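Each remark here refers to the structure printed beneath this line.
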Amino acid sequence: MNTQITKNDLTQVVEADRAHLWHHLMQHKSLESTDPRIIVEGKGMRVWDQHGKEHLDGVSGGVWTVNVGYGRERIANAVRDQLIKMNYFAQSAGSIPGSMFAEKLISKMPGMSRVYYVNSGSEANEKVFKMIRQISHKLYGGKKHKILYRDRDYHGSTLATMSAGGQNERNAQYGPFAPGFVKVPHCLEYRGQYGDVTDYGVRAADAIEEVILREGPDTVGALCLEPVTAGGGVITPPEGYWERVQEICAKYDILLHIDEVVCGVGRTGTWFGYQQYGVKPDFVTMAKGVASGYAAIACMVTTERVFDMFKAAPDDPMDYFRDISTFGGCTAGPAAAIENMAIIEEEGLLENTVVMGERILENLNALAEKHAVIGDVRGKGLFAGAELVADRTTKEPVDEKLVQRVVADCMQQGVIIGATNRSLTGFNNTLCLSPALIATADDIDAITDAIDAALGRVFGG
Ligand SMILES: Cc1ncc(COP(=O)(O)O)c(C=O)c1O
């Protein structure tokens, strides 16, 4: 096997890929007649493919991950130094970067106090689900075990997280799912479900209370929500929504689990998405932006109140959280995460995210004046969506093949954007943008200019 690939000839890589790789999210038939895309190098906001073609990345590594941009030697050096010193020991013991990152992270999350390290966003969410179930057994005889999740939200690819998955096309053909997960309605005002109400946010949150009352509050242990729904169409919560959600959770003693896998670590312009809305969660999960993809790390963070529940009876061997994630003991993750967070602080990237986030929304709103196909523009920070409709009055979604043509046209122009894809029947019609938090005004304009040109070619005008 030759792993020394010569720089200018990636034929062997392409052939190895075609022969042996199973890519994520893809139907592979097309790769029998076209080459797979190999991303070879990245720097800042840009990546280069096997042909040397440059792309401006409007989606931070495809799935809103590389928050501090590509080619950060500082992170690579910190990871290298740490791996040479101490690469791994199970998390039943501590590590220097594990402790130091936990302290730093908690300093950004007033009210939270304990960090549990795992590998992926799905796994972080599963840890919460297990804790909810165990708390139910400890305190409520197993009765208060149901976990509420929201239509259009996504929490991961494992079977338990798919059981809490609000996207029917993602879930199709993977059932049966785990029992004890109950769906509540989404809060997207553009697709209003309650007629002409003035206080849409409160009404949408009241819909959660209706589900709780139907199920019986003494059976509901937790409510799991994304602060801003990501893959379900970049859904920003309507005003008043989160305040009412918090009231409802307190009223029925329901633990609030916020899935920050996408929003966490700066994406919306605050450290965490929930901090935009004054929410006080019991659990926060995060993954993608924690180390910007320089190492695999995810965290489940909770309060001292929850932590205390698992050390209340030291003589009972069934009392503690009997769980492990092997790679939660890898030190590369927290070593990378410390540098990632320092970069965000030192380069003022939260502030940049707020300013550039406003610019992206302004630009998209300007495009909406020009292209009738844009029915709704939504977003928070460097996290934006444009929902495409065939008719603004009826809000009928455009054919999703046309949405994919817009994405492909941008790619042709050297700009990578995303779109909701095989997630919601009939509603895979939202263009998604999540550039790195280092984006400049020129980068933002280049992304929206590419969309402008693509919309013109695909829809006319
Ligand atoms: C909101 C949300 N939660 C959880 C996950 C799952 O994370 P992972 O793919 O790391 O398991 C994702 C992934 O896209 C996500 O968007």
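On a predicted model such as this, the values are computed, not experimentally measured, just so you know. Order of listing sets the numbers, starting from 1, for every ligand and every atom in it.
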(Q) With a 4.5 Å cut-off on side-chain heavy atoms, are Glu209 and Arg244 touching? (A) yes
**Q.** Residue and atom name of the nearest protein heavy atom (relative to atom 15 (C) of ligand 1), distance in Å to one decimal
**A.** Tyr154 CD2, 3.6 Å
Q | Residue, atom name and distance, where the atom is the protein heavy atom closest to atom 3 (N) of ligand 1 | A | Asp259 OD2, 2.7 Å
(Q) Taking the cut-offs as 6.0 angstrom to the six-membered ring centre and 45 degrees off its axis, would you call Lys138 and Phe310 a cation-pi pair? (A) yes
Q: Dump the intermediate steps for side chain to side chain donor-acceptor pair (under 3.5 Å) on Ser292 and Asn340, then the final yes or no.
A: CA-CA 7 Å; Ser292 290; Asn340 185 71; 2.6 Å; yes
Q.
For Lys288, which part has a heavy atom under 4.0 Å from ligand 1: side chain, backbone, both, or neither?
A. side chain
Q.
Taking 4.0 angstrom as the limit and counting only heavy atoms of Asn125, give me the atoms of ligand 1 inside it, by number and element.
A. 3 (N), 4 (C)
Q | ligand 1 versus His155: contacting region, heavy-atom distance under 4.0 Å | A | backbone
**Q.** 4.0 Å heavy-atom contact, Val63 with ligand 1
**A.** no
Q) Which atoms of ligand 1 have any heavy atom of Gly156 under 4.0 Å away? A) 4 (C), 6 (C)
Q) Hey, which of Thr420, Asn421, Asn428 is the one that makes side-chain hydrogen bond (donor to acceptor under 3.5 Å, both in side chains) with Glu169? A) Asn428
Q: Please report which non-hydrogen protein atom sits nearest to atom 16 (O) of ligand 1, along with the residue it belongs to and the distance in Å to one decimal place.
A: Val262 CG2, 3.2 Å
Q | Pair Arg72 + Glu339, salt bridge at N-O below 4.0 Å | A | no
**Q.** ring-ring contact (aromatic ring centres under 6.0 Å, His included): pairs with one or both residues in residues 91-124, sequence neighbours excluded
**A.** Tyr116-Phe321
(Q) Return the closest protein heavy atom for atom 10 (O) of ligand 1 as residue, atom name and distance. (A) Gly121 N, 2.8 Å
Q: Give the numbers and elements of all ligand 1 atoms closer than 4.0 Å to a heavy atom of Ser120.
A: 10 (O), 11 (O)
(Q) Tell me the closest heavy-atom pair linking Tyr88 and Thr326, and the distance in Å. (A) OH-O, 2.7 Å
**Q.** Numbering as shown, the atoms of ligand 1 that approach Val261 to under 4.0 Å (heavy-atom distance)
**A.** 2 (C), 3 (N), 4 (C), 5 (C), 7 (O), 12 (C), 15 (C)
Q: Report yes or no: is the cationic atom of Arg133 (NZ for Lys, CZ for Arg) closer than 6.0 Å to the six-membered ring centre of Phe181, at no more than 45° off its axis?
A: yes
Q: Could you tell me the residue and atom name of the protein heavy atom closest to atom 9 (O) of ligand 1, and the distance to it rounded to 0.1 Å?
A: Ser122 OG, 4.4 Å
